[in-house]
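Okay, so here's the structure we're looking at.
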Amino acid sequence: MTRFTFFKDHSGFLLCRECGRVTVPLSHLINAFQSPKTTFISLSASVSQNHHRDAVPEREAPSSEAVVNLRDLGLSELKVGQIDQLVDSLLPGFCKGKNVSSHWHTSHVSAQSFFENKYGYLDMFGTLRSSCLYRQHSRTLKSICSDLQYWPVFIQARSFKTLKSRTRRLQSTSERLAETQHIAPSFVKGFLLRDRGTDVESLDKLMKTKNIPEAHQDAFKTGFAEGFLKAQALTQKTNDSLRRTRLILFVLLLFGIYGLLKNPFLSVRFRTTTGLDSAVDPVQMKNVTFEHVKGVEEAKQELQEVVEFLKNPQKFTVLGGKLPKGILLVGPPGTGKTLLARAVAGEADVPFYYASGSEFDEMFVGVGASRIRNLFREAKANAPCVIFIDELDSVGGKRIESPMHPYSRQTINQLLAEMDGFKPNEGVIIIGATNFPEALDNALIRPGRFDMQVTVPRPDVKGRTEILKWYLNKIKFDQSVDPEIIARGTVGFSGAELENLVNQAALKAAVDGKEMVTMKELEFSKDKILMGPERRSVEIDNKNKTITAYHESGHAIIAYYTKDAMPINKATIMPRGPTLGHVSLLPENDRWNETRAQLLAQMDVSMGGRVAEELIFGTDHITTGASSDFDNATKIAKRMVTRFGMSEKLGVMTYSDTGKLSPETQSAIEQEIRILLRDSYERAKHILKTHAKEHKNLAEALLTYETLDAKEIQIVLEGKKLEVR
Ligand SMILES: Nc1ncnc2c1ncn2[C@@H]1O[C@H](COP(=O)(O)OP(=O)(O)OP(=O)(O)O)[C@@H](O)[C@H]1O
Ligand SMILES: [Zn+2]
């Protein structure tokens with residue numbers, strides 16, 4: 001008798017134990033026997049599962065298993081009798097039992113056993129084997145068991161499978177089969193037997209609990225097997241459709257990303273959210289030229305040749321001249337470095353790439369470096385162009401791999417590599433800006449990188465006047481406005497601060513309901529920027545107001561009657577910021593140098609406040625209001641002695657670190673400073689005593705009018721009456 005021994009591979013195919021070859025899905029086989037319409041006809045014809053489904057739609061779980069041609073599988077040669085034999089040995093009593101109408105087509109009962117198999121396929125054929133064959137047909141059992149001893153066990157791990165790989169998988173399964181047979185038969189045996197035991201128990205238990213009569217147990221088992229196989233087919237189908245859905249979703253995702261990248265508007269958003277290649281979109285700077293940058297003539301001149309180069313790179317290549325790759329703009333904040341860089345691009349009419357150094361400063365490895373790479377790649381593709389890196393110190397600073405910036409070194413290296421990576425005449429100019437050139441990594445400022453430095457200083461009085469005029473022209477202002485006076489009073493203001501000053505004045509005029517900006521608004525906003533906002537709401541009692549008025553006019557009188565003091569601009573007793581009042585002095589020009597007499601005059605003016613308090617109210621009523629005046633005077637005196645060589649006793653020598661000096665020298669310095677301050681105090685006292693009348697008049701005028709400008713102060717001091725405002 002031909003003995004057919006099969007076991008089931010996880011894919012539902014039968015493997016022939018004798019030849020190790022694939023035969024046919026067990027489910028097909030069972031279905032073929034089970035379905036009245038396809039019984040035996042299917043042996044010679046190819047059985048289409050679809051056809052099959054049409055035949056018994058109400059019973060069949062929809063299945064997508066491949067069409068199996070029995071001829072292809074080498075089964076067409078089987079005679080009907082052989083098939084009977086096969087089935088008989090496989091499912092004894094099945095053919096006979098078929099006459100008994102069976103309602104076990106779908107097994108819902110065997111959920112427990114099914115679950116065991118569904119999650120492992122560990123020994124699913126074992127379920128059939130043990131329960132169907134073992135109990136009822138001991139003879140067949142014997143023959144099967146002798147084979148069982150050598151059956152390998154496939155401990156099935158679930159993985160992602162495709163239909164295509166089936167054949168290959170089956171092949172390799174049979175290969176593995178051959179291998180395992182020789183390797184570990186005893187292990188396999190033990191394993192198998194143990195497994196079989198548990199399965200027998202579970203199905204037995206089930207049949208007992210359900211009180212299945214002996215006669216129906218066959219049908220029960222067949223139904224169980226059938227139900228399981230159908231469920232398996234369903235699982236397979238679900239897996240397939242899941243795979244298909246995943247594939248479709250993946251393709252859709254790819255299309256989506258592609259679309260986002262292609263759409264310029266969305267791409268910006270996308271980039272900013274991923275943060276990987278931000279700041280690679282150039283801006284055309286046609287509307288910004290050198291005309292827009294005021295008060296930095298030298299810087300503009302130096303950058304002019306860069307503009308020429310960008311306009312016509314070939315011209316420079318022909319002559320063999322090499323232009324710097326990188327230009328470093330150095331200067332305090334708000335002096336117009338960004339504006340200058342934009343103007344370079346605007347003048348040459350080339351794309352402008354803006355990036356801020358802090359954008360590259362990332363906590364995550366590689367992000368900063370990749371942004372640099374993207375920036376340079378884009379720029380090179382669009383040469384000639386300008387790359388501007390603001391706050392260069394925050395990417396190219398010296399602090400290497402601090403815990404806060406673990407990957408800064410990597411970013412600097414990427415920047416250096418990119419700068420080295422293109423030729424000087426390629427047409428890409430990198431402009432970096434920094435407030436702290438000392439903080440830059442040395443590698444960045446060596447030749448071939450940022451090798452040209454352009455200083456962008458705070459504007460001088462001429463520059464400030466130009467900037468003020470430029471921004472005044474953008475608003476409505478009165479003809480009486482003299483930008484130069486404001487410029488003189490705004491020493492140390494940057495371009496950005498001057499722009500802000502004009503803007504604040506315009507806002508103030510609007511709030512006050514004026515049609516034009518006048519000097520008053522400009523002065524107001526200057527004081528606001530310098531000293532903070534007015535504190536009109538502060539209630540200051542008359543006594544304090546009077547003290548303040550005498551204190552401030554004390555300063556004003558000294559300034560007015562001291563030859564080398566700066567001209568007075570304004571005096572006020574309006575509280576502003578931390579001050580109760582102030583006198584502002586206006587240098588005729590920016591002072592590049594100061595004489596000894598000028599320094600002494602400044603000290604005297606500072607002393608004026610306290611001297612006035614002492615003279616008018618007496619030593620017991622002097623106030624704390626003079627502390628900043630003394631700070632100022634002491635600072636000047638100390639510098640005269642230790643830095644400017646202006647003390648006869650200590651000579652022309654500088655004393656930088658006074659803490660390290662000998663005690664004698666230290667006390668000598670202190671002595672000299674004290675003498676300077678005392679002398680200054682005495683001079684101030686002398687002037688105030690001499691001009692006591694003017695002092696009183698000015699204080700009273702201040703009490704009346706609160707604020708007096710230079711002209712009004714002069715009128716009061718000349719003893720004339722002020723026009724009622
Ligand atoms: N010299 C100037 N002429 C005209 N406007 C100026 C000048 N300097 C500054 N501004 C104005 O101030 C604004 C800010 O200046 P900008 O951003 O160029 O300064 P920056 O030196 O780059 O400052 P930071 O170092 O803080 O980046 C400019 O947009 C411009 O409106
Ligand atoms: Zn004072």
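Remember, it's 1-based here, ligands and their atoms both numbered in the order they're listed.
For atom 1 (N) of ligand 1, the nearest non-hydrogen atom of the protein is Lys294 O, 2.7 Å. When only non-hydrogen protein atoms are considered, atom 27 (O) of ligand 1 lies nearest to Asp390 OD2, 3.4 Å. At the shortest separation from atom 25 (O) of ligand 1 among protein heavy atoms lies Lys337 NZ, 2.9 Å. Ala496 CB, 4.0 Å is the protein heavy atom nearest to atom 14 (C) of ligand 1. Counting only heavy atoms of the protein, atom 13 (C) of ligand 1 lies nearest to Glu499 OE1, 3.8 Å. Nearest protein heavy-atom neighbour of atom 22 (O) of ligand 1: Thr338 OG1, 2.5 Å. Here the protein heavy atom with the shortest distance to atom 7 (C) of ligand 1 is Gly495 CA, 3.9 Å.
Using bins of under 30°, 30° to 60° and over 60° for the plane-to-plane angle, the ring pair His555/His551 lands in the perpendicular bin.
Residue Lys638 qualifies as open at atom NZ: its count of foreign heavy atoms under 6.0 Å is 12 or below. For Arg643, the CZ atom counts as loosely surrounded, since its 6.0 Å shell holds 12 or fewer non-hydrogen atoms of other residues, nucleotides or ligands. Heavy-atom neighbours of His292 NE2 from other residues, nucleotides or ligands within 6.0 Å: above the threshold of 12. Around atom NZ of Lys380, more than 12 heavy atoms belonging to other residues, nucleotides or ligands sit under 6.0 Å away.
Applying the ring pair (Phe, Tyr, Trp, His ring centres under 6.0 Å) criterion to Tyr550, with sequence neighbours excluded, gives Phe617, His695. Checked against salt bridge (charged side-chain N to carboxylate O under 4.0 Å, His left out), Glu298 has no partners two or more places apart in sequence or in another chain.
Residues Arg342 and Phe352 meet the side-chain proximity criterion, which asks for heavy atoms closer than 4.5 Å. The side-chain heavy atoms of His582 and Met531, taken from C-beta on, include a pair separated by under 4.5 Å. Inter-residue side-chain proximity for Met603 and Leu677 is flagged as met; some heavy-atom pair is nearer than 4.5 Å.
Ligand 1 has Gly334 within reach: a non-hydrogen atom of the residue lies less than 4.0 Å from it. Within the 4.0 Å heavy-atom shell around ligand 1 one finds Tyr471.
Backbone and side-chain nitrogen or oxygen atoms of Gly336 are examined, and one is located within less than 3.5 angstrom of a nitrogen or oxygen of ligand 1.
Close approach to Asn435 involves these atoms of ligand 1, each under 4.0 Å from a residue heavy atom: 25 (O). Contact atoms of ligand 1 toward His292: 3 (N), 4 (C) (distance under 4.0 Å to a heavy atom of the residue).
Nearest residue to atom 8 (N) of ligand 1 from Val288, Thr335, Leu329 is Thr335 (criterion: closest heavy atom). The heavy atom nearest to atom 18 (O) of ligand 1, considering only Leu339, Val293, Leu340, is found in Leu339.
Between the Zn ion (ligand 2) and Asp629 there is an N/O/S contact shorter than 2.8 Å. Here His555 reaches the Zn ion (ligand 2): one of its N/O/S atoms is less than 2.8 Å from the metal.
Neither the backbone nor the side chain of Val456 has any atom closer than 4.0 Å to an atom of ligand 1 (non-hydrogen atoms only).
The distance from the CG atom of Asn435 to the CG atom of Leu329 is 11.0 Å, given to the nearest 0.5 Å.
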